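Step one of this worksheet: look at the structure below.
Side chains are part of it too, since the values below use all heavy atoms of this structure and drop only hydrogens, waters and symmetry mates. Note that the coordinates shown come from a computational prediction; the quantities given were computed from them, not determined experimentally.
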Amino acid sequence: MQSLKLLVTSRRRDSLIRLKRNLSSLPINSSADDLQNQVLVEGKASSRVAILNRPSSLNALNTNIGARLHELYASWEDDPNIGFVVMKGSGRAFCAGGDIVALYHLINEGKIEKCKGFFRTLYSFIYHLGTYLKPHVSILNGITMGGGAGISIPGTFRLATDRTVFATPETQIGFHPDAGASFHLSRLPGHLGEYLGLTGAKLIGAEMVSCGLATHYSNTDKLPLIEEELGNLVTDDPSVIESCLEKYSDVVYPEKTSALHRIEVLNKCFGHDTVEEIIDAVESEASATNDAWCNSTLKKLKEASPLSLKVSLRSVREGRFQTLDQCLVREYRMSLQGISKRISNDFCEGVRARVVHKDFAPKWEPPSLEKVSDDMVDQYFAPLSESEPNLELPTKQREAFN
């Protein structure tokens, strides 16, 4: 027990040191009130509830939220009176991912260091959650995309509902599935991870629990009962929390139109070595069957950034053989390259076309797969420069998992 206490204290000290470093990258106009209000806290009998509270932005993540979550989780981990932690979102989303519009403006204003601070803060919190000493429950009631998956999937339990919508749509905005996505996508059945990562296709709650992205499923009308019972629990035992979640679980199956019912075709197409071969395989299936899923998949692939497709395929494939910390360190390098404009302006162009101006006509550079060179892809995985520091994670104090 004494050794556990020393471990927790050591982890908390290291977390606070990193937190102070990350707080220095907060936007100049952010106040303490902003930081507090963007993550609300509810105290329960033996637990704490962190509530993402930017409903007008679908609880999009910024540096403030990442730093606040890290601060709260470090203090709760060190508190013997707190047995477990719950995270949920306010409004109609759990979390729609990173605040890409804010990043877009920061990049165009030349404030790259603030962008680096965002990724460093968010990825550090994701690693903290993935190595958390206490049970964790994420209530994914609503939109759960990109970074929203990153701050929930590494935890112990993920509760999906009939309102849950999951996606990693980064290739559609000229980026790559990040925030630990190359870790959890690569561990899905067959080549489902490649399919989701390249196309940005959506999954609903029933599909999430079927493929393992969620651990439990309950209809939305049961959430008040679940939250009330969780709030009354006095425990740090994962099996007790799991029993509570299972008590209110509903048995659901993917719809007939689900990609999960096409796993054999999906594996045949997305198991190929290159993006070109994957697209050729999907085209062949679409021509032979005129299947709506094949046609939709082909459309998504052709709408995505060609550079992002190649980068994302390699990322998921590498993630299959890496630990969580290795994935986050690599994704951090990739994200810095993605926002630097040194290889391509696709991220800013994708955000402009799909979110800011909404003309939905991004001009990708390079504009086609054949013009994406191997050197460009290799550069995406390299540090910005020899002097650019890697993401530092406390792997000696907090052991990563495979």
Show your reasoning for whether side chain to side chain donor-acceptor pair (under 3.5 Å) applies to T131 and R398. CA-CA 6 Å; T131 55; R398 307 183 71 92; 2.7 Å; yes
Run the salt bridge (charged side-chain N to carboxylate O under 4.0 Å, His left out) check on D359 and R354 step by step: do they pass? CA-CA 7 Å; D359 56 39; R354 300 199 185 279; over 6 Å; no
Chi angles and distances behind the salt bridge (charged side-chain N to carboxylate O under 4.0 Å, His left out) call for K363, E365: CA-CA 7 Å; K363 294 177 174 58; E365 185 59 41; over 6 Å; no
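Looking at E349 and K341, no side-chain N of the basic residue comes within less than 4.0 Å of a carboxylate O on the acidic one, giving no salt bridge. At a threshold of 4.0 Å, the pair R314-E194 does not count as salt-bridged, since none of the basic side-chain nitrogens sits closer than that to a carboxylate oxygen. Here D374 does not pair with K310 in a salt bridge; the nearest charged N to carboxylate O distance is not below 4.0 Å. Using a 4.0 Å cut-off between a side-chain N of Lys or Arg and a carboxylate O of Asp or Glu, E285 and K268 qualify as a salt bridge. Taking the charged nitrogens against the carboxylate oxygens, D78 and K134 have no contact shorter than 4.0 Å, which rules out a salt bridge. In this structure, K111 does not pair ionically with E113, as no charged nitrogen and carboxylate oxygen lie closer than 4.0 Å.
In the displayed structure, F321 atom CZ is contacted under 6.0 Å by at most 12 heavy atoms of other residues, nucleotides or ligands. Within 6.0 Å of CD in E255 there are 12 or fewer heavy atoms belonging to other residues, nucleotides or ligands. Within 6.0 Å of CD on E109 lie more than 12 heavy atoms contributed by other residues, nucleotides or ligands.
Side-chain N or O atoms of W364 include none that pairs as donor or acceptor with a backbone N or O of G350 at under 3.5 Å. Put simply, the side chain of Q379 never gets that close to the backbone of M376: no donor and acceptor are under 3.5 Å apart. In this structure a side-chain-to-backbone donor-acceptor pair under 3.5 Å is missing from E207 to S258.
Counting only residues at least two apart or on different chains, the salt bridge (Lys or Arg N to Asp or Glu O under 4.0 Å) pairs with a member in residues 326-340 are E318-R330. Under the salt bridge (Lys or Arg N to Asp or Glu O under 4.0 Å) criterion, no residue pair touches residues 231-245, with sequence neighbours excluded. The salt bridge (Lys or Arg N to Asp or Glu O under 4.0 Å) pairs that include a residue from residues 218-227 are K88-E227, K222-D250, where partners are two or more places apart or lie in different chains.
Between I112 and I107, the closest side-chain pair of non-hydrogen atoms falls below 4.5 Å. When side chains are defined from C-beta on, V377 does not count as touching S373, because their heavy atoms never get closer than 4.5 Å. Between P254 and S210 there is a side-chain heavy-atom pair separated by less than 4.5 Å. When side chains are defined from C-beta on, I126 counts as touching L328, because their heavy atoms get closer than 4.5 Å. Counting heavy atoms from C-beta outward, K116 and L384 have side chains that approach closer than 4.5 Å. When side chains are defined from C-beta on, L298 counts as touching E283, because their heavy atoms get closer than 4.5 Å.
Looking only at atom types and distance, the side chain of D178 has a donor-acceptor partner in the side chain of Y123 under 3.5 Å away. Between the side chains of Q38 and N62, at least one donor N or O lies within less than 3.5 Å of an accepting N or O.
Minimum interatomic distance between G197 and P177 (heavy atoms only, all atoms of both residues): O-CG, 3.7 Å. When all heavy atoms are compared, the tightest approach of S218 to I226 is OG-CD1, 3.6 Å. The shortest non-hydrogen separation linking G338 to Y380 is CA-OH, 3.4 Å. Here the closest non-hydrogen pair linking A67 and T121 is N-CG2, 3.3 Å.
Checked options L188, V316, L266; the residue passing with L196 is L188 (criterion: side-chain contact (heavy atoms from CB on, under 4.5 Å)).
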Side-chain donor-acceptor pairs under 3.5 Å in residues 89-105, sequence neighbours left out?
{"residue": "S90", "atom": "OG", "partner": "L52", "partner atom": "O", "Å": "2.9"}
{"residue": "S90", "atom": "OG", "partner": "N53", "partner atom": "OD1", "Å": "3.2"}
{"residue": "D99", "atom": "OD1", "partner": "A102", "partner atom": "N", "Å": "3.1"}
{"residue": "D99", "atom": "OD2", "partner": "R54", "partner atom": "NH1", "Å": "3.1"}
{"residue": "D99", "atom": "OD2", "partner": "R54", "partner atom": "NH2", "Å": "3.2"}

Using residues 169-176 as the side-chain source, report each donor-acceptor pair under 3.5 Å to any protein atom, sequence neighbours left out, with the distance given to one decimal.
{"residue": "T171", "atom": "OG1", "partner": "L198", "partner atom": "O", "Å": "2.8"}
{"residue": "Q172", "atom": "NE2", "partner": "K300", "partner atom": "O", "Å": "3.0"}
{"residue": "H176", "atom": "NE2", "partner": "S335", "partner atom": "N", "Å": "3.4"}
{"residue": "H176", "atom": "NE2", "partner": "S335", "partner atom": "OG", "Å": "3.1"}

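Between H136 and Y73, the ring planes are tilted. Angles from 30° to 60° get that label. Relative orientation of the W293 and Y195 rings is tilted, given thresholds of 30° and 60° on the angle between their planes.
K202 meets the salt bridge (Lys or Arg N to Asp or Glu O under 4.0 Å) test with no other residue; sequence neighbours excluded.
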